[in-house]
Every structure is written in C-alpha cells, then in structure tokens.
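Below, chains carry the letters A, B, ... as their sequence lines are ordered, and counting in each starts from 1.
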Amino acid sequence: MEITHRSDADVVIVNVVGKLDTTTAAEFDAHLRDAAGGASHCILALEQLDYISSAGLRSVLIAAKLFDAKKGKLVLSGLSGAVKDVFALSGFDRVVKISASDADALALIRQ
Amino acid sequence: MIVWTIAVTAIILAAVLFSNHRNVVDQLEDDARERVATITEGVAARIDAELGRLHGLVDGIALALEAARLQVANDEVLALQMRVLREHDGVLGVGAAFEERLRPPGWRHGAPYSYRHNGQLVTVDLVTRDHAALQGDWYQLPKHLDRPVWSEPHVKQDGIKRVTYSVPIHLPSPDGPVFAGVVSADIDLQWLDQLIARQPLGEGGYGLIMTRSGTYASHPVAQMAFRETVFSIAEERGDMALRALGQSMVSGEAGLISWNNWTSAERSWLAWHPLQTTAWTMGAVVSRSALEAQMLRHSRDAALLGSAGLLLLVLAVALIARSITRPVHALSEAVATLADGNLDAPLPPPQGQDEVAHLTSAFGRMRDSLKRHIADLQSSTAARERMHSELKVAHNIQMDLVPKTFPAYPHRKDIDLSAMIVPAREVGGDFYDFFMLGDDRLVVAIGDVSGKGVPAALFMAVTRSFLRSEFKVQDDPGKVLTRVNDAIAESNESCMFVTLFCAVIHLDAGRVDYSNAGHNLPVHLRDGVLSWVPTPAGTVAAGVMPGMEYDTLSLDLQADDALLLYTDGVTEAMSPASVLYGDERLLACLKAAGKQTCEATLDTLFQDVLRHADGADQSDDITTLMFRWLPPDAASPTGMSRAQAPLTESVAAGSGYPPPAHWQAEFHPAPGELADALARFDEFLDARRVASALAHSLRFIFEEIITNAIKYGYDDGPAGHRISVHVRLDTPVVMVIEDDGRPFDPLQAPLAPDLDLSVEDRPIGGLGLYMVRTMATRMDYTRDNTLNRLTIELPAQPQA
C-alpha cells in the first residue's frame, strides 16, 4: 500500500494505492491521524485501491468516526471492482458517503 | 510367625513325648519283669523260710533222738511233741515212729503222734490205731530214700491244706548207720494261699505254687489245687508248649516268659522260682495289659502335661510376638501413609530401645529428609520453570522473527534461497532475514546479538525492525547499517551490540551490494571455488558506538554463484575435546558438499557441525543462510533448487511450466507471518493471472479467516502452532484452511451484523466472517482432533 495526501482548504484528500488489509491497516490509521491534523473534512481517494478486507473497512470506519467527531464529513471516491463490491456487501456503502469522483466528493462536502 | 513357632514347638514336644513314652514303656516293662521276678523270688524265699523253720524243728527232734540213740523215755518224746505244737501254730501235728525191733523199751506207743483236735492237743498211737500205718509214704519214702522227704500237699478230712515232712532217724552200727525210724510233722499250708494273695501282682495278676510233679499246691482257681497238674492240663489240651513250660518250671531253675492268661486271655508275664526246701516252684503271673493301662495313664499324663506346656508356650509366644508385631504393624501403616505421599502423617512414637524403635526413628529421619528434599526440589523446579518460561519467550521471539517458509519465492526461478536457525538451549541472539525490494532486489541479512536469553532476543527484534524499515527507505547496505547503528547505539543502555551482515542482491545483473558490521565473513561459492567475501578491515559491530560509518562494497555474481552467510555458532561449535569447528573445516565441508540446492548444502553443513560436536552441548545458536543466483535466462540450470518444494506442481512452475494449479503455505499464527504468506499468495495469484474478482475473494477469505484465528484462536502465542492454507484452482476453486487453535466453527457464528446502523452505533469488526460466507458458494467445517479445518468453495472464473 502506498498512501499520500494533499490538502484543499479544510479538506484533506488521502490517496491510497494497492491493498488496505490487516498488514497495512495500522500504517493507514497512523497516516490518516497525521493527515487529519487541522482538516475538517476528508476525501478518501480510492481509485487505485485494488483490495480491501475487513481490517481495511475497520480503518475506514475509524476514519469516519474521527471526522464525525469533528462535525466534518468523510467521503469515499473512485471505488471500483471488487473493492466496490466489498463496500456493497458489507453495507458500508450505506454507512459512509460514497461518490464517483473527487470532484463529486468535494461538491458533497461543500453542499 | 506365631503359627510357625507354635507348630515347630508342638512337633518337638510330640517327638519328646513319643520318645519319652517309648522309654517309659521300656522302663515299665523292665520294671514289671523285674518286679514279677523279684516277687516270685521273694515269695519263694518267704515260703522257704517258713517251711525251713518248721522242718528245722522236726530235724531237731530227729537229731535229739539220734543223739540219744533212741534211749528216750516215751513221755519225753510226747512232751517234746506237745511243746512243738504249743509253740508253733503252723504245725498241725508231729509224731515219731520207729522200727518195731528198735523201739525203746518201755514205750507205750509204737508211733506216738500229737496233733490239734478241736483246740486240744491230743496224742494217739498210730500203730495202735492202724497196724499198717507205717506202710504210708510218710514213713516208707524217708526209709527207702534215706533222706528227708516232703510229701505232696494234701487235704485231710478237716479240709486243712497241709504237707508232711518226714526225716529218717539212723542208729550207728558196726555196718554203718541203720534206719531206725522217722520223725514227721504235718505242716499247715493255709498261710501259703494268704501269703501269695498278699503279693502285689496287680490287677489280673496271681501267684501259684507247683510241686515237683506239676501239681498245683496253690492256685487262685480253687478247683485246680491238688486236682490238676500242669502236665495233666497239657495232656488234656494237647498243648506241647504248656508241657514244655511245665517241665522248665519244675526243673529247679528260675524263669520268665510272656504268657497268655488262661482265664482272661490277657497278655501277661509268667515268672517262676524254685523253693529251696520243698523243691516246689513258686510262679507268678502279671498282666501286661494292666501294665499297659498304667503306661497309657502315664503317657496320658505326660501328654496332658505337654499340652498344657504347649498352651502356655503359645500364650507366651503370642504375647511376645504381639509386643513385637504391634509396633511393626503401626509402623507399617504409617509408612504406607507416607508412601501415599502424606509426609505429614505421624509415625508411632518409638518405645524402648529395640529394633522396631530404631527402625521407627530411622523412618522418621527418612521422612524428614524426604520432606526437605521435596521442598528443595519444589523451589528449584519453580526456579527452573521460571527460567524455562523465559527461555521459551526468547525462543518464541527468535523463531517468530525469522521467515521460515521455503521455498521462499517459489515463483522466482532465479532465486534459490534457504536458511536455518537452530537455537541453543539458552537462546542466543542470532537471526537472519530476507525480503524483496520490489521485484528486482533481494535483501539478505544475518546477525548475532551479544548476550543470550530474553534481552538478546528483544535486542534482535529491535535490530531486525530497524533493518527492515531502513531498507524501505533506501537500498544502500552501508547507509542502512550506518543508520541502524545510530538508532541502536542511541538508546542502548544495556550496552548490547549486534554483528550484522546485509546484502542487496540485484537479481537482474547479479550484482551484490553488501556491508558488514563486525560479522563473520560470508563465503562466496563459484564452481567449487570458495572465497571469503572481502570486508574492509576494522568494522565494528552495530550498537557499540554511534556515528560509525559503514561502507558498501560490491561483488558480481555469475550464474550459479552462491553466498553462504553464517554466525559464529557454526565456526565456534565445540567438540567434546573443546576443539572449534573452525573456518577450515567449514570450507572443507562446503567443498565436499559440491553443488547442491541451498537447502541440501545447509543440511550437509549442519550435519557436519553436529558430527564435530559429537554430543557436546550446543552453546550458541547455529544460523546459516545461503543464496544461489540462477539467472532468469539460464537454461534451467538444474531444477534442483525446487527439488525440496512441497508440491510437484510448484516444482513445475519454477521451471517455466504453466503456473501451478495448487498453492500451499504453512506458517505460525503470527501477524508478521500472515503478511508474508499474503505477499506470497499475491505473487501466486499474479503469476496464475487469476481473475481479479476471484483473486480478491480468495485473498479476502484467506485474510479474514486467518486473522480471526490469530486473534482469537491462541492463548499461548504462535510458537509451536501452525496454520496451513491450501488453494486449488479448479472448478470450483477450493481453499482449505487448517489451524490448531481453539475449536471454532465460523458457520455457527452469528450471521449478518446489523448493516443499517449508523457510523456511531456500528461496532467495529465482526464483518469479516459474514462477508466470507457471502462470497463462498459452499463452506464446510470439521474439527479433526486438534485441527479446525475449513473447506471453502468458490466458483471458477476465466483467467484475466
């Protein structure tokens, strides 16, 4: 897994590439905590995420709770293939906000 | 014991009684024989004495008449006769008779005879009364025999038993003595029966008198006396033995024989003795059965006495035995309790100074020292267990750190890699590590931490983490070691250090960049030529001093070149004679091993080290890692590098055949090992070009099930446990996961979590199993002894 982030005003956009699983979840959690810093909202850009397990879902959930606590929003963008299936299968698509692209996500936050 | 004592005593007593009985019987028999003989002799002597006294009187009268040449007045003779009668009750009558021609002148009587009649003494002239009187035996026998004669006993009209004694009187003449007459006396024999009856002849015993002719003069059966002779009876019965007996009885000799009593048929003794005076025979019969009854009585008395003695003995023995056995029993019970493990049970108090008391106190001492010993043992066992568990912790840390799944990269046909670590009992701080940087670089490392046990293991874990994380940042081994050294040295309060060798192998070109921090020089193997991997002089182990700079050196591998990394556990392995294994033997062993797979070479090396140690204690970890570079374009050099692979289809994959339809892995239930296994599984899925959706599902199931097992299945850590995964790309696709954790059936887990809860309410976790069940078309769970076996089927999908 490779993880990077950039900020757009009070929104932090975290880009995750590769696999978010039991072996990388901790790294993701740590990175997200750092990145969250002063941001109010978060976009998880997951176009290049090709695998997620329940450990990854757990990390996403933790992130969602983190921004919930800040009264901010966390939006997932760019889900595809098997990862999208996992979100659907687990019902997470009903728990976290999901948009097709980063732009849509930003719009969702700003609305 | 009591029974034995008594039995033996009883036997001895019985023997004594029997022998005593025999002796007594013999003695009694002898006594009886002697007694009957003595009685017989005594009675004979009494009778002789009595008769002797009387016939002395008669002899005296005869002598007096002879001395006076018969010139004695009639009255004087009469007076003499009267006097004899007056003075001797036993004389019934006494008289004298002379030849007519020699009769003294003036005698009125031819044969004056004085006798008792109705209490009066009267005198008659026998000749006057009966002219033929002198023709009787009493006169004729002495006359003709010319010696005194005892008549046969006889009874006259008055019924009185008597015997007549007659003595011849002679007168001198020119022709010698001339028979002149006879002096005769009738002697009363009534006292004879009484005398004999008085003899102590016992029950069934009796005495008898037999005359020379065999006539019974005295016999308890009254009819016998004077009527029968022993010969007449013998005649009558035709009993020759009796006749012979009668002859010996009248022969004048004493004798004694066994004899059956005629009247009672009892076994008896018969003894006889001749009378000196009358030449009769005194006989006595003594009953043997009476004697035997007496003997029996005697023996019975003895037996009674013996029995009483035996009873007393039994009592005494029982008492004594009880006094001995009671403490022994008490001791035995107490010792049995001790033997059951109750060392606090009281022993009976020792009494007295006997052996049992000594034994009891000895047992007491034994128990006390046993208690002390057990207490010591408990405390030392506890200490050992503490140490053992620390050793186990260290061992677990060590074994969890090093990757142990081989072949490590089954899909890489350019890598032959093997490693082994054999920890010493007291774990040293060895470790090795290898991992890929991208697809083209392989990192291999080996290290040896100073010290042993848990601290060394922890230090090793820290070092390995630093090493791994540094290599994620850069791939220059020198710089990595420099950074690792700084990191370790910085917080190294325990002043531990670690020798390290690490290398980055560029698998495309065969170049090896390496750096060494004070570690043993690895060996470079090329076509049987061995050389030490050169290292700058004076490198220092990591952790000693911050700020050290470690250089990176390079060497180029040719196809089939190999590198052997090892720790000093190999070269410093000691033989029982304290000889080190040494560099030379190491090189010799490698040379002799020739070209084999890395795994086989390491095994050969380890066996050689073991041979050298020859049973000596292993004092340090023995760690080796070997890498052989098989260039991708090499014409499948040997295929040998896969020879040890677990599955034949994996072997085929390594040699350029289609990717395997199987995949298998086995590892400890630790997150790190799961990550490694997942990485390898990814490589397999890539190589097999498994459709992404299927690949995702397979990986998802793999990760979820095993994560769950690792989290909840084990209480005691990963060491000694295993998880295995087997995947078959078939139709359908089958995945079998086994773990030896606690029994858990995922099919019985609560089904769907509530998917409609909001973010705040939704519990974290618990989703994985639900989703696995959603993805799988079929799942089976079995518990096989200690194993959970989960078989999962998924629909096959066309290759990507």
Item to check | Gap separating the OH atom of Tyr770(B) from the CG atom of Leu89(A), nearest 0.5 angstrom | outcome: 6.0 Å
Checklist outcome for this item: The interface call for Asp85(A) against chain B, heavy-atom contacts under 4.5 Å, is neither
Item to check | Proximity breakdown for Ala55(A) and chain B, heavy-atom pairs closer than 4.5 Å | outcome: both
Ignoring hydrogens and angles, tell me if any N or O in the side chain of [X] forms a donor-acceptor pair with the backbone of [Y] under 3.5 Å.
X: Tyr51(A); Y: Ala695(B); result: no
X: Glu703(B); Y: Ser53(A); result: no
X: His696(B); Y: Ile52(A); result: yes

Checklist entry - Within a strict 4.5 Å, meaning less than it, do heavy atoms of the Thr22(A) and Lys711(B) side chains meet? => result no
Item to check | Residue pairs passing the salt bridge (Lys or Arg N to Asp or Glu O under 4.0 Å) test where at least one lies in residues 716-733 of chain B, sequence neighbours excluded | outcome: Glu666(B)-Arg722(B), Arg722(B)-Glu738(B), Arg728(B)-Asp730(B)
Item to check | Residues forming a side-chain hydrogen bond (donor to acceptor under 3.5 Å, both in side chains) with Asp682(B), sequence neighbours excluded | outcome: Arg699(B)
Next on the checklist: I'd like to know which of Leu57(A), Val83(A), Val86(A) tops the heavy-atom pair count under 4.5 Å against chain B.
Outcome noted: Val86(A)
[atom1] ([X]) with more than 12 external heavy atoms under 6.0 Å:
X: Lys404(B); atom1: NZ; answer: yes
X: Arg483(B); atom1: CZ; answer: no
X: Lys97(A); atom1: NZ; answer: no

Using a 3.5 Å cut-off and no angle test, enumerate the donor-acceptor pairs between side-chain atoms of residues 6-18 of chain A and protein atoms at least two apart in sequence or in another chain.
from	atom 1	to	atom 2	distance (Å)
Asp10(A)	OD1	Arg110(A)	NH1	3.1
Asp10(A)	OD1	Arg110(A)	NH2	3.4

Item to check | Full working for side-chain contact (heavy atoms from CB on, under 4.5 Å) between Asp21(A) and Glu704(B) | outcome: CA-CA 9 Å; Asp21(A) 62 5; Glu704(B) 295 297 341; over 6 Å; no
Checklist entry - How would you list, in number order, the residues of residues 28-42 of chain A that have a heavy atom less than 4.5 Å from chain B? => result none
